[in-house]
There are 2 protein chains.
Amino acid sequence: MAARAKVLRATAEILIQEGIGAVSIEAVARRSGVAKTTIYRHFGGLDGLVFAAAAASVSEPDGPDTGSLAGDLREIQRQYLDIASSSINREVFAWMLTRAMSGPEAAAMFRKERVQPRGPTVVALQRAIARGELPPTTNIELAMHVIQGPLISKRIIDDSELTSDEFEALLQMTVHALTGNVGAPREPSRGRRSRN
Amino acid sequence: MAARAKVLRATAEILIQEGIGAVSIEAVARRSGVAKTTIYRHFGGLDGLVFAAAAASVSEPDGPDTGSLAGDLREIQRQYLDIASSSINREVFAWMLTRAMSGPEAAAMFRKERVQPRGPTVVALQRAIARGELPPTTNIELAMHVIQGPLISKRIIDDSELTSDEFEALLQMTVHALTGNVGAPREPSRGRRSRN
DNA sequence: CAATTACGACACGGTACGTTGCGTTATTCC
DNA sequence: GGAATAACGCAACGTACCGTGTCGTAATTG
């Protein structure tokens, strides 16, 4: 039973220290001291192994309730950026993406062990609808993409940092897209220029 | 001299018929009848080969001038969706993404042979600014992500189709995010429900 | 204690990698 | 036309990882 944990730990170590490209069944077997056979028995193959290792190291962020959509999204996006700021996470995400596109099995794993958790955002949107901040006709699926899309584009594809001002501008644009109005401003008193 | 063309053609064929996973130097060598050595001499390796093949098969869409930002974006996005509707393109895109993240050389290729051309969108934005439709302070880089992001999220990650209504809603939200107002409506006379 | 289960060790054939040395054509340039 | 130069083909090399199979041993369980 300990073999499984050893394998997952070794996988995570290689992932962090050498990148996704260095993760192979044989490398993990060497590092963990577990026989290759055992890894195949547990995870079925490289895909299963990486997806399992990723799932084991992802913690679902909590959904804040600040009273406004803009406030909620600001907090959620900030947490997301913290996760996405790790290049390993982006690497693994991109890797999963390619695997997901080359077969239904991996695609199923990808959707199951989703890297970017949707939960908190959906909750925030539903609260905004309940408050009347968003129309009840809001297409939540579409809204998710409007919210996540720009950040994914910026961080994953461009691989560039986001300044505090850009972050806020993006947030305002997003809220604007959803509501048609400007969202609640960042509380001006404590001059926290949250990041960068 | 003809060897290069034969290699690129063979690569594209394998790409289309068997997917990115089947593309290997040896497979391309077999199929093209060109020696492995020659491929290495020309393209340096698998990365160079795939990037070159992708670049050779991408045609820059033209930037329409409909007189309004919403109109321009509608046309550009439509063209983009046509390209992205091919699962091979998405596969290759995702593959390039992973390669780009595991080394500066591939990253440089990725940014050079960009799959989604930015040109037309940038032009459309600049025209909108010139028209006064967008403020001159508009951050074009950020705007690009607001425009591309949701579509990338929807098509690449979700792998789901976009209905005509969703497409239009997304467009309106995007324009809304950029301008703060509703963009020009789709001309109502010819009831074209463009796709799906 | 016996039976099942989990694991380790070793080996196999197969594929692709990236590189090398050496012939064999084409081009190009007087 | 003939020589020099570049482009290409061929065969083989060692390395790495794949996925699978077999067998022996350790741990667990009833």
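Keep in mind it's a predicted model, so treat the numbers as computed, not measured. Just so we're on the same page: letters track the sequence lines, and every chain starts at 1.
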Distance check needed: [N] [atom2] versus [X] [atom1], whole Å only.
X	N	atom1	atom2	answer
B:Glu105	C:dG18	CD	P	12 Å
A:Lys6	C:dA6	NZ	C1'	12 Å
A:Ile39	C:dC7	CD1	P	11 Å

Pairing residues for [X] by the salt bridge (Lys or Arg N to Asp or Glu O under 4.0 Å) criterion, not counting sequence neighbours:
X	value
B:Arg131	B:Glu133
B:Arg99	B:Asp47
B:Glu13	B:Arg9, B:Arg31

Applying side-chain hydrogen bond (donor to acceptor under 3.5 Å, both in side chains), name anything that partners [X], two or more places apart in sequence or on another chain.
X	value
B:Gln79	none
A:Thr66	A:Asp72
A:Thr138	none

- [ ] Using a 4.0 Å heavy-atom cut-off across all strands, classify B:Gly44 as base, sugar-phosphate, or nothing.
- [x] nothing

Distances under 3.5 Å only, N/O to N/O: pair up the protein atoms with those of nucleotides 14-18 of chain D.
residue	atom	partner	partner atom	Å
D:dC18	OP1	A:Ile25	N	3.2
D:dC18	OP2	A:Ile25	N	3.0
D:dC18	OP2	A:Glu26	N	3.1

Task: Residue closer to the 5' end of DNA chain D, B:Thr38 versus A:Gly45 (nearest nucleotide) - done: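 This one resolves to B:Thr38.
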
- [ ] For the pair B:Gln172 (side chain) and B:Ala169 (backbone), establish whether a donor and an acceptor sit closer than 3.5 Å, ignoring hydrogens and angles.
- [x] no

Open item on the list: Just N and O in the side chain of A:His42: are any of them under 4.0 Å from OP1 or OP2 of C:dA6?
Closed with: no

Task: Protein-to-nucleotide contact annotation, 5' to 3' order, nucleotides 21-27 of chain C [B base; S sugar-phosphate only; - none; under 4.0 Å, heavy atom] - done: -------

Using atom types as modelled, flag every donor-acceptor pair under 3.5 Å from a side chain in residues 19-30 of chain B to any protein atom, sequence neighbours excluded.
residue	atom	partner	partner atom	Å
B:Ser24	OG	B:Ala27	N	3.1
B:Glu26	OE2	B:Lys36	NZ	2.9

